[in-house]
Amino acid sequence: MLVYLDHHATTPCDPAVVAAMAPWWSERCGNPSNRLHRPALEAAAAVELARARVAAAVGGASEGVIFTSGATEAANLALKGAAEAAELRGERRRGLVTLATEHRAVLDPLAWLARRGFRLTVLPVGPDGLVDLDRLAAAVDADTLLVSVMAANNEIGVLQPLATIGALCRERGALFHCDAAQAVGHLPLAMAELGIDLLGISGHKLYGPKGVGALVHRPGVELAPQQHGGGQEGGLRAGTAAVPLIVGLQAALTLAEADRDERATRLGALRDRLWRELEGLGEMTLNGHPNQRLAHNLNLCVGGVDGGRLHGLLRRRIAVSSGSACSQGSPSHVLAALGRSRSEAAAAIRFGLGRASGEAEIATAIAAVSEAVATLRHGAPRSIQAGRMTSG
Ligand SMILES: Cc1ncc(COP(=O)(O)O)c(C=O)c1O
């Protein structure tokens, strides 16, 4: 059976989440915007409960939660919405600052704003994927409207120092946007403590349904809507609320919080075992900081093999991503930012462990990589001793 180890791409929707959503598809079909009858009022109440849950999960305020279709929409609304609102109030600040390793959901709207006259600075990261705080401090000035830095990287799992970045933004009067799609449900985050003004969440990254997420903004942060219509979500995101998905997001957050710390400890130990065994094959380069990373992430470059052939062999046994993961075939801009060449990136493996990963799944992954590497380096798999290749 194929072992699924691609939980940064997406997570399976938890059966308990599916069960929580079930009645809201047809039995409880009210439209929450229509307050005239009981089914509608029940749906509205469910959405408001979910709103409070999302706010509590990230230490934000209920009135700051805007339900969206996911983290991409949340980032678009946060970035374009904050920029447009600033323009409308005659704000003189035009600077936008971000990192080269951000997700395209952030980089692309920022590039769009740059084409419309905003001044965009994309900072390089260190070889370990961490922000260079001195460079950031130099880049954020009196003209900076907004700084966007993700909580956890979707490829290399690197965790940025959010509290330090938040404090810098406060000091310089810039807004701090944080794409937390890979962090919420996996580690604790508190917007107020970290100085985050705008934070994006995605349901399908935390064992919830696809097609739902949220932008949480600090009340007082002005946003211009990017979708116009029926005035839902406080006029900031028009369109009938996706009640079943929103209920699913709430259930997923509750479940994720219940096992979050235990899961991180357990998956961290499994990930460390995976790395130890694979490192023993030789010519393995770890991508991203060794400790400041998500416990369930491992990203490495395999030396001495062709990336295409490596992934051709792996895909029969394990579902993992390559260094061209999120960019539909083009080399990863994240690995490029760490200094990896095109061919090195092609031979990268991103493992994302998840709730269902255990010793057996990790043993399969170790065996699959060991045998593929042996085949590609030596022509045929050699004997495997104690789960480790006797590499030559
Ligand atoms: C860090 C990060 N931001 C944003 C997104 C986009 O999320 P969604 O699929 O909910 O639009 C992803 C998903 O790949 C992600 O990993």
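Both ligands and their constituent atoms are indexed starting at 1 by order of listing.
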A.B. asks: Answer yes if the ring centres of Tyr207 and His204 are under 6.0 angstrom apart, and no otherwise.
C.D. replies: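 Between Tyr207 and His204, the centre distance exceeds or equals 6.0 Å.
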A.B. asks: Once side chain to side chain donor-acceptor pair (under 3.5 Å) is applied, do any residues pair with Arg309, and if so which ones, sequence neighbours excluded?
C.D. replies: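 Expected list: none.
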A.B. asks: Within a 6.0 Å radius of atom CZ on Arg89, are there more than 12 heavy atoms belonging to other residues, nucleotides or ligands?
C.D. replies: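 Yes, because the 6.0 Å sphere around CZ of Arg89 holds more than 12 heavy atoms from other groups.
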A.B. asks: Which donor-acceptor pairs under 3.5 Å do the side chains of residues 129-139 make with protein atoms, sequence neighbours left out?
C.D. replies:
unit_1: Asp132; atom_1: OD1; unit_2: Asp134; atom_2: N; d: 3.0
unit_1: Asp132; atom_1: OD1; unit_2: Arg135; atom_2: N; d: 3.2

A.B. asks: What do you reckon, is CD of Glu193 surrounded by more than 12 foreign heavy atoms closer than 6.0 Å?
C.D. replies: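 No, because the 6.0 Å sphere around CD of Glu193 holds 12 heavy atoms or fewer from other groups.
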A.B. asks: Heavy-atom pairs closer than 4.0 Å: do any link ligand 1 to the side chain of Ala181, the backbone, both, or neither?
C.D. replies: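 Only the side chain of Ala181 comes within reach of ligand 1.
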A.B. asks: Would you say ligand 1 has an N or O under 3.5 Å from any N or O of Met150?
C.D. replies: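 For ligand 1, there is no N or O atom that lies under 3.5 Å from one belonging to Met150.
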A.B. asks: Can you check whether His103 has an N/O within less than 3.5 Å of an N/O in ligand 1?
C.D. replies: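 Between His103 and ligand 1 (N or O atoms, distance only) the closest approach is under 3.5 Å.
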A.B. asks: In this structure, does ligand 1 have an atom that sits under 4.0 Å from one of the heavy atoms of His8?
C.D. replies: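 Distance cut 4.0 Å: His8 fails for ligand 1.
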A.B. asks: What atoms of ligand 1 come closer than 4.0 angstrom to any heavy atom of Gln182?
C.D. replies: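 Under 4.0 Å from Gln182, ligand 1 has these atoms: 1 (C), 15 (C), 16 (O).
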A.B. asks: Using a strict cut-off of less than 4.0 Å between a Lys/Arg side-chain nitrogen and an Asp/Glu carboxylate oxygen, indicate whether Arg94 and Asp143 qualify as a salt bridge.
C.D. replies: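 The answer is no: the pair does not qualify as a salt bridge.
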A.B. asks: Answer with side chain, backbone, both or neither: which part of Asp179 has a heavy atom less than 4.0 angstrom from an atom of ligand 1?
C.D. replies: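 For Asp179, only side-chain atoms sit under 4.0 Å from ligand 1.
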A.B. asks: Indicate the ring-plane relationship of His296 and His186, choosing parallel, tilted or perpendicular according to the 30° and 60° boundaries.
C.D. replies: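 Parallel: the ring planes of His296 and His186 meet at under 30°.
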A.B. asks: As a check for students: among Gly211, Ser202, Ala105, Ala151, identify the option with a heavy atom nearest to atom 10 (O) of ligand 1.
C.D. replies: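 Shortest heavy-atom distance from atom 10 (O) of ligand 1: Ser202.
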A.B. asks: Can a non-hydrogen atom of Lys205 be found less than 4.0 Å from any atom of ligand 1?
C.D. replies: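 The answer is yes: ligand 1 sits under 4.0 Å from a heavy atom of Lys205.
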A.B. asks: What part of His204 sits under 4.0 Å from ligand 1 if we count only heavy atoms: the side chain, the backbone, both or neither?
C.D. replies: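 Within the 4.0 Å criterion, His204 contacts ligand 1 through side-chain atoms alone.
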A.B. asks: Just jot down the ligand 1 atoms closer than 4.0 angstrom to any heavy atom of Gly70, in number order.
C.D. replies: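 Counting atoms of ligand 1 from 1, those under 4.0 Å from Gly70 are 10 (O).
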A.B. asks: Hydrogens and angles aside, do Thr10 and Lys210 bring a side-chain donor and acceptor to less than 3.5 Å of each other?
C.D. replies: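 The criterion, which ignores hydrogens and geometry beyond distance, is satisfied for Lys210 and Thr10.
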A.B. asks: Going by the atom numbers of ligand 1, which of them fall below 4.0 Å from some non-hydrogen atom of Thr72?
C.D. replies: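 With Thr72 as reference, the close atoms of ligand 1 come out as 6 (C), 7 (O), 8 (P), 11 (O).
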